[in-house]
Protein chains: 2
Amino acid sequence: MAAVWMAQLNIKTLVIETKSCRTLAGHADGLESRTLEILDSFGLAGIIWKESNRTMEVCLWHRDPRGVLCRDSVSPNCNPGLSRFQEVTLGQGRIEERLLEFIDKSPNVQIKWETSPQQLLIHQDLVDLHREYAVELRLDTDSVVRTKYLIGCDGAHSWVRKQVGLSLEGNTASNGDWGVLDCIPTTDFPDIRKRCIIKAPAGNVMVIPREDNLVRFYVQLSARCATRFRRDHQPSVLLSILGDALKPYYLVTSHVEWCTIYTVGQRLCTDFSVQDRIFLSGDAVHTHSPKAGQGMNVSMQDTYNLGWKLASVLKSVATPAILQTYQEERLPVAERLIRFDHRMCLGVCSGPDDDLAEREKLADFKDKATGLEGTLSEENTTASGLSVTYPPNLLVTGTRNSHSRPDKNGVLYCSKPHLAENIVVGRRLPDVLVLCQSDSQPWHLQERLPSTGQWHLLVFGGDISQALQMQRVEALARQLTRRNSILAPRCMSGATTAVGSVAVYLIHSASRFDVQLMSLPPIFRPYDDRRGREYRRVFADNKGFAPGCGMAYSLYGIAPEGCVVLLRPDQHCSLVVSLEDSDILERFFSLFVPV
Amino acid sequence: MAAVWMAQLNIKTLVIETKSCRTLAGHADGLESRTLEILDSFGLAGIIWKESNRTMEVCLWHRDPRGVLCRDSVSPNCNPGLSRFQEVTLGQGRIEERLLEFIDKSPNVQIKWETSPQQLLIHQDLVDLHREYAVELRLDTDSVVRTKYLIGCDGAHSWVRKQVGLSLEGNTASNGDWGVLDCIPTTDFPDIRKRCIIKAPAGNVMVIPREDNLVRFYVQLSARCATRFRRDHQPSVLLSILGDALKPYYLVTSHVEWCTIYTVGQRLCTDFSVQDRIFLSGDAVHTHSPKAGQGMNVSMQDTYNLGWKLASVLKSVATPAILQTYQEERLPVAERLIRFDHRMCLGVCSGPDDDLAEREKLADFKDKATGLEGTLSEENTTASGLSVTYPPNLLVTGTRNSHSRPDKNGVLYCSKPHLAENIVVGRRLPDVLVLCQSDSQPWHLQERLPSTGQWHLLVFGGDISQALQMQRVEALARQLTRRNSILAPRCMSGATTAVGSVAVYLIHSASRFDVQLMSLPPIFRPYDDRRGREYRRVFADNKGFAPGCGMAYSLYGIAPEGCVVLLRPDQHCSLVVSLEDSDILERFFSLFVPV
């Protein structure tokens, strides 16, 4: 994901990989809806969505005291209102393949396969000079690489992390050993194409249906079985437990794709960066069980958070101070992930014969706070990445009061959340359907916010067929383009998508038939000599052509007087202010834009 | 499209093309929804849909007697209920590119670029022996090609058509000359991203917005302008008329991509084949104006109709007698197209100053039968390819009566249309949303009917949680798999998709929670040693996970007792019978399956 950003933004990048090729089988396989939104912002979601398996329902099973395997419940495993995507499963290798295709198209990103780093050095005399190549890396090919920034995406045993003297803290093995098996099963178990959690004395089992008839099984192992599997690495060990757990249903397979064993543990490194020159992400800073299918997602979201910030500094459109927000934003997400995984493991690992009180607590599916079903439901809402909310920092305003002086950390507390009750400052913008003013085509607003390194300024102008509202929009446009403003050159970069520029959108609530695109301020219809006019910056919150159009204002909770919403290049909201607050926008950018 | 079929079905094929590469600019640009459904059945619609321009609205403009340019109306240019796709525009070259990518993946289809045929010969002694290579073609490379079948997809000036002594009949130039201009315009004309018809004394104009800010303009030319354009081929001639027609709006362009001139004429060849060995398709048998954006569509639909039939004969799963249905089915479509285009031209070509009676008739947009808006509306319904209905023939049953003896042409008149009131025998199956029994995933039923050369037998089993309905479904399954039946080996080809086999689906109306996939007859859950079980043959007409699910029975007009619907490999309905009518199915196949 870090390399995808760099390929997208034309940053000269070297990827150093010890393996000889991409992952071929196994490893992670769950994609949350937010990850798909992110992939889509690079144009990558379509094919991944099509190839993957959609897991619509989750079933809980247990073996009752008489030994009968019973289905306790079937619940939805998705929450259609929260995203235009939902959780899917697809082998990590298939996802890597798509990312590699994307990266391969860029002349700026090079991958060195089968290469290991040997020595890492920060030149302390250069470390505060961000234009200098302060990081030095010696490779096993004996070549030396000098770089401005290094990102350690090198997993739980991160070489980079060890070099900088950091470590993962936490418990290593609290919930026993689990086997993982990817195979094409032949079975009469009725829920084989649904996600299942099966509590059985033979060992608890999780069923994760995958692409192309594959199924992943997680199998809880006794100490004896774990030892046997570690010694022989025979899938038969896992298949035998699985067979017992599923009885009276049969399960056989003639195609085992992959199997492994893992020990559950939640561990965390609380330093995500060293001097804002070396960064750690993914398993290098947080490890946990695979049970909630979160790992690949949180890891990609780590570098999705970091990539545009690095590019903005490298292209001198932001000061290096913004790099500190990486840890400020992603460490709390990792902490939450660790806590969530702990609850998930407790829920899944407890047996059907555990003490009654515990069992009842877990079986109480109405108790969303503690029960397993509550945890599963949380996975599809808050843990899916959709509700990740970054705290106030240099790139996210706070809402404590409305004056516009920054605190000692450069944080502005000036957002006016009441202007858009369902847009949360610090959180990614939810999707709505809007109609394009120029051609009436319905669009998911998110589709119009690609990852280009640009900021997105959404002007909710209200009913601009009313003279007063139109005057307010025109006045804002004048302010955004006035001389000596920081914003003016950024908002007037035309139809191009330069890193650090600001794309300005107008989403009005007038009838589209009462609005003429060409009568609007030019900032909303930028022009480019080569490609012509940008026709997709003005949208009407009108009904038409697709169910769900015409509800943007009500879904966002925006009043008729409208508001202005500033989104970062990663679609997270930086601030919500009124149409008259261009000075706050100006102040916000002034805190991190180089003079 | 013919080559796409052959690539898909592994038929050894040679494409002979006089040009040196695909179309680079200009030519056709309209894709109707049925064409997108067809492309999707090969997995090709996604990327084409994404790259293309969706034309949501059509605007009619005219210059009033005082010389003021006025918009008469804005109407929808799509009909969302009829297809999951809608009309889009994309340059023909971009579509060819995708088809070529598809063809290139097949080792069986070879393209000879820059090659012209010189001589064509049918060996009459072999013509009735369909296993023989009866057609001989000499190429300009002096090589000789022997082939079983030849398809002339070689346009209005078809060399193949001339060789076999056929010609296009009809009027060549009834509605004057039109210029065509593809450019990226800069303009303040408010409807530049909508489809427009502008009636102006300077010359009538049609506006067709295209991908990537391109716009296609059709400009009606005076005899003098046509002569000038033919001589100089300067886009300025067209731009000047366009500028006058659009006044007071301005229009300039710095990027002209393509321009040409054409003369309207509707012409038809009433022979689509010679001895069922040589076939003609597309412009080789029907030419007309480009005004309704039909040409590329009807042409691709011609060979979409022919391809699977040829493959079925070549693979000996159908007798050559089925080849006569190509002309029986496609000639009426061409005739209808010609009549439709004539009305379209009348509507578009008449001037705003034509005699008042004519003008009023055209302006009477409520008069759907004759007015221009009626014609436009027809384009988005009956002319879009969605309602093409093939007449009773060897592959489409009639409904005259219910006995099952074929007439002298081998046509069965035994369908029972009252069992599925909204499924029209001879027409492509409309789409519905259903839930997959195995995993509850919502599917467009059409997505489960890919173009593999397989037939699709849809068993609408009703509420199979009721014992009686379940018994009827089980009895049908027994009949379909009984010994000595023609159907049995075809229905029991497992999860593979051999040409001429029959994929059997069950779409029931019971709650999916009351049905166990593994308790259903094996014919609905075929198994393949390599790929495992086929889990996507049983669907529930239940609500859930997507708006619009749970309406299949009501949308199709199927009563609780259910019915059986047989679809050909091109998704057109062959017959509708009851669950007890397996003998009719048997009889139907016996008429064209080789003994």
Side-chain angles (χ1 to χ4, degrees), chain A residues 43 46-47 49-50 53-57 71 74 76-78 80 86 183-195 209 212-215 249 253-255 435-442 495 512-513 515-519 527-536 544-548, chain B residues 43 46-47 49-50 53-57 71 74 76-78 80 86 183-195 209 212-215 249 253-255 435-442 495 512-513 515-519 527-536 544-548:
Chain A
I47 189 154
W49 177 253
K50 192 148 195 176
N53 185 78
R54 280 188 246 172
T55 321
M56 309 306 297
E57 288 174 332
R71 189 200 280 136
V74 182
N77 191 45
C78 59
Q86 61 143 98
C183 70
I184 298 180
T186 303
T187 179
D188 58 353
F189 179 65
D191 290 338
I192 193 66
R193 297 307 302 173
K194 299 183 180 181
R195 180 175 172 186
D212 297 340
N213 269 4
L214 277 173
V215 176
Y249 302 107
T253 178
S254 56
H255 177 82
L435 291 185
C436 185
Q437 175 66 42
S438 66
D439 61 8
S440 303
Q441 185 180 332
R512 65 189 187 279
F513 299 114
V515 173
Q516 299 280 4
L517 180 69
M518 293 303 288
S519 308
Y527 179 79
D528 177 281
D529 271 340
R530 197 167 56 84
R531 291 180 295 182
R533 189 164 307 288
E534 175 54 83
Y535 288 103
R536 289 167 174 172
F545 299 113
Chain B
I47 190 154
W49 177 254
K50 191 147 194 176
N53 185 78
R54 281 189 246 173
T55 321
M56 309 306 299
E57 288 173 333
R71 188 201 281 136
V74 181
N77 191 45
C78 58
Q86 61 143 99
C183 70
I184 298 181
T186 303
T187 179
D188 58 353
F189 179 65
D191 291 337
I192 193 67
R193 295 307 302 171
K194 299 182 180 181
R195 181 175 172 185
D212 298 340
N213 269 4
L214 278 173
V215 177
Y249 302 106
T253 179
S254 56
H255 176 82
L435 291 186
C436 185
Q437 175 67 41
S438 66
D439 61 8
S440 303
Q441 185 180 332
R512 65 189 187 280
F513 299 114
V515 173
Q516 298 281 3
L517 180 68
M518 292 303 289
S519 308
Y527 179 79
D528 178 281
D529 270 340
R530 198 168 56 85
R531 292 181 294 184
R533 190 164 305 290
E534 175 55 84
Y535 288 103
R536 287 166 175 173
F545 299 113

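Residue numbers begin at 1 in each chain, while the letters A, B, ... track the order of the sequences. All of these numbers come straight from a predicted model, not from anything done at the bench.
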Exercise for review: Measure across B/Ser254 and A/Asp529 and return the closest heavy-atom pair with its distance rounded to 0.1 Å.
Suggested key: OG-O, 4.0 Å
**Study point:** Donor-acceptor contact below 3.5 Å, side chain B/Asn213 vs main chain A/Arg533
**Key:** yes
Study note, to complete from the structure: Pair count under 4.5 Å, heavy atoms only, with chain B: among A/Gln437, A/Gln441, A/Gln86, A/Gln516, highest is A/Gln441
Practice item. Can you tell which part of B/Ile184 gets under 4.5 Å to a heavy atom of chain A, answering side chain, backbone, both or neither? Key: side chain
Exercise for review: With a 4.5 angstrom heavy-atom cut-off, could you sort out which part of B/Pro185 is near chain A: side chain, backbone, both or neither?
Suggested key: backbone
Review point. If you measure from CE on A/Met518 to OG1 on B/Thr187, what distance do you get to the nearest 0.5 Å?
Key: 7.5 Å
Point to revise | Engaged part of B/Met56 at the chain A interface, taking heavy atoms whose separation is under 4.5 Å | key: both
Exercise for review: Could you tell me which portion of A/Ile47 (side chain, backbone, both or neither) has an atom closer than 4.5 angstrom to a non-hydrogen atom of chain B?
Suggested key: neither
Check your understanding: Minimum heavy-atom separation for B/Asn53 to A/Arg536, with atom names?
Key -> OD1-NH2, 3.7 Å
Review point. What pair of heavy atoms forms the shortest contact from A/Phe545 to B/Pro76, and how long is it?
Key: CE2-CB, 3.9 Å
Practice item. Tell me, for B/Phe513 versus chain A, whether the close heavy atoms (under 4.5 Å) come from the side chain, the backbone, both or neither. Key: side chain
**Study point:** Distance in Å, A/Ile192 CD1 paired with B/Asp439 CG, rounded so as to fall on 0.5 Å steps
**Key:** 11.5 Å
Review point. What part of B/Leu214 lies closer than 4.5 angstrom to a heavy atom of chain A: side chain, backbone, both or neither?
Key: neither
Exercise for review: Taking all non-hydrogen atoms of both residues into account, name the closest pair between A/Lys194 and B/Ser440 and its distance.
Suggested key: NZ-OG, 3.6 Å
